[in-house]
Number of protein chains: 2
Amino acid sequence: MSARDKILEVAQTRFAENGYAATSVRQIAEAADVNPAMIHYYFGSKEDLLRAALEQALEPLTEAVQAMQQSREASPEAITRTLMGLVAAHPNLPLLVVREVMLPGGVMQAHFAENLAPRLGGALPDILAREASTGRIRKDLPPAIGALALMAMALFPFIVRPVAEKVLDLDLDDAQLETFASHISEFVRRGFAP
Amino acid sequence: MSARDKILEVAQTRFAENGYAATSVRQIAEAADVNPAMIHYYFGSKEDLLRAALEQALEPLTEAVQAMQQSREASPEAITRTLMGLVAAHPNLPLLVVREVMLPGGVMQAHFAENLAPRLGGALPDILAREASTGRIRKDLPPAIGALALMAMALFPFIVRPVAEKVLDLDLDDAQLETFASHISEFVRRGFAP
DNA sequence: ATTGAAATTAATCAAACGTTTAATTAATAT
DNA sequence: ATATTAATTAAACGTTTGATTAATTTCAAT
């Protein structure tokens, strides 16, 4: 494994676990067993390192979102399952995204608002419209509510689950996650057609 | 307003908006119009300042949770409404809690695991049991799933809403929040009795 | 008016920060 | 074998960090 890759890998975990500000370049360098200067050699700056780490981490997510949006197969169930799979494959992803992309004060907030939010947010109306056209949701429901419900569902594997596991001291297995995924999907549908 | 109170107020917003690590003692002092040494004079250390800020911010929350647990009036609707009211009254609360208490790497994580998590998490089984005894939820549902669903609902006003508002570029009014609160409560019930 | 504690200030500390530099080794191309 | 580029290192840069110190002001109680 190259020095560059090792830096990127360490940065991803550290930034996700401790946050950008609380993680020093020297810490990353030491954990990756490289000279601190290598980070600037390869990435230019600490912020660019985070950008690179996020880009790599978010790639499968944006790919999945676009694929779902275009394939016209997006349903609450499909979204939930896709997101859960992504998180299972990349355990660092949720924390990294929540910390530095979604929460205010995050380093990548501007980048998020300009590039990612429109793409993610833009996909939701399409999904809603498709659900409405098949008669699965009420047509008179305010779009904001529908989008919010869908969003709440999509956020579950990213935020709610890790936090809830911590508070409840749970360690959910795959079967339980499957059960809950179906519950969440049902929620979205019910929210639309009570 | 005393210097101490001003420091505490500024610290609450800054820590919530930018995170603990990214907020310097000097920044807080300047924003509070106070000499940096005053922070150590009143609070001892930066970490103790965060502890004080969190304690003050969390007071209404823990009070509300305990009150609900003891009054035996806790229902999904009541929980959602209470939490939403708390957040409306203290807009900094969610971010502060999420950043430094719930997410790993947060400064107060140990304090959270030892003191707050048991109290919050401990209340959920009681609420579940009460719902089961009145026949409003299925008795054969795995407790973990029920608690998780309830937790997901409780987390909405804290995490999902601000993030979703950002992604969807929404600015939800009270009526919409009411609507969504009822949808969430319905979700918990439906999740139990589909 | 004096005293003494509390509040506040300016100045300073060592440590850690992100970053840069210059020099050196390793690898590749000519 | 030589020249060129890439990778890596150790050391130092100036700045900012949280924290401390000593001196000063504030102000109520005597």
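Naming: A, B, ... by sequence-line order, numbering from 1 per chain.
- For the helix from C/dA1-D/dT30 to C/dT30-D/dA1, the rotation axes defined at the first and last 5 base pairs enclose an angle of 10°, given to the nearest 10°.
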Notebook entry, point to check: Where do A/Leu49 and A/Val25 land on the side chain to side chain contact (heavy atoms under 4.5 Å, CB included) test, with the steps shown first?
Noted result: CA-CA 10 Å; A/Leu49 171 60; A/Val25 171; over 6 Å; no
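- Of all non-hydrogen atoms in A/Leu96 and A/Ala16, the two that sit nearest each other are CD1-N, 3.7 Å.
- Nucleotide D/dT8 holds its C1' atom 15 Å from the NE2 atom of A/His40, rounded to whole Å.
- Listed by first then second residue, pairs satisfying ring pair (Phe, Tyr, Trp, His ring centres under 6.0 Å) with a partner in residues 42-61 of chain B number zero, not counting sequence neighbours.
- As rounded to whole Å, 16 Å separates atom P of D/dT20 from atom CZ of B/Phe43.
- One atom, CE of A/Met1, and another, C1' of D/dA7, lie 18 Å apart when rounded to the nearest Å.
- Atom CG of B/Asp48 and atom P of D/dT20 are 11 Å apart (whole Å).
- Between A/Ser24 and C/dA16, a side-chain N or O to OP1/OP2 separation shorter than 4.0 Å is absent.
- Following rounding to the nearest Å, A/Lys46 (NZ) and D/dT15 (P) show an atom-to-atom distance of 19 Å.
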*asked:* side chain to side chain contact (heavy atoms under 4.5 Å, CB included) for B/Lys46 and B/Ile39? Distances and angles first, verdict last.
replied: CA-CA 8 Å; B/Lys46 186 191 178 186; B/Ile39 289 176; over 6 Å; no
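- Here the shortest heavy-atom pairing between B/Thr13 and B/Glu9 reads OG1-O, 3.1 Å.
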Please list each protein N or O that sits under 3.5 Å from an N or O in nucleotides 10-14 of chain D, with the distance.
residue, atom, partner, partner atom, Å
D/dA10, N7, A/Asn35, ND2, 3.3

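- Scanning residues 13-20 of chain A for heavy-atom distances under 4.0 Å to DNA chain D yields an empty list.
- Among pairs with a residue in residues 7-28 of chain B, those fulfilling ring pair (Phe, Tyr, Trp, His ring centres under 6.0 Å) read B/Phe15-B/Tyr20, at least two apart in sequence or across chains.
- A search for side-chain contact (heavy atoms from CB on, under 4.5 Å) contacts involving A/Gln27 returns A/Thr23, A/Ser24, not counting sequence neighbours.
- If you measure from atom CD of A/Glu30 to atom C1' of C/dA16, you get 13 Å, rounded to the nearest angstrom.
- Here salt bridge (charged side-chain N to carboxylate O under 4.0 Å, His left out) pairs that include residues 50-62 of chain A, with residues two or more places apart or in two chains, are A/Glu47-A/Arg51, A/Asp48-A/Arg51.
- For the side chain to side chain donor-acceptor pair (under 3.5 Å) test, residues two or more places apart in sequence or in another chain that qualify with B/Gln12 are B/Gln56.
- With rounding to whole Å, B/Ile39 atom CD1 is found 9 Å from D/dG18 atom P.
- Annotation: side-chain contact (heavy atoms from CB on, under 4.5 Å) contacts of B/His90 (sequence neighbours excluded): B/Pro60, B/Leu93.
- For residues 45-67 of chain B, no residue pair satisfies the ring pair (Phe, Tyr, Trp, His ring centres under 6.0 Å) rule, not counting sequence neighbours.
- Along DNA chain C, the nucleotide closest to B/Val34 and the one closest to A/Gly44 are compared, and the more 5′ of them pairs with B/Val34.
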Would you tabulate the pairs of protein nitrogen or oxygen atoms and nucleotide nitrogen or oxygen atoms of nucleotides 5-7 of chain C closer than 3.5 angstrom?
residue, atom, partner, partner atom, Å
C/dA7, OP2, B/Tyr41, OH, 2.8

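- With sequence neighbours left out, the salt bridge (Lys or Arg N to Asp or Glu O under 4.0 Å) criterion links A/Arg14 to no other residue.
- Between atom CG of residue A/Leu58 and atom CD of residue A/Glu63 there is a gap of 11.0 Å, rounded to the nearest 0.5 Å.
- Taking all atoms of both residues into account, the shortest heavy-atom contact from B/Arg26 to B/Pro36 is CG-CG, 4.5 Å.
- The nearest whole Å value for the distance from the CD1 atom in A/Ile28 to the P atom in C/dA16 is 17 Å.
- Residue-level contact check: B/Thr23 touches the backbone only, with heavy atoms under 4.0 Å from sugar-phosphate atoms and none from bases.
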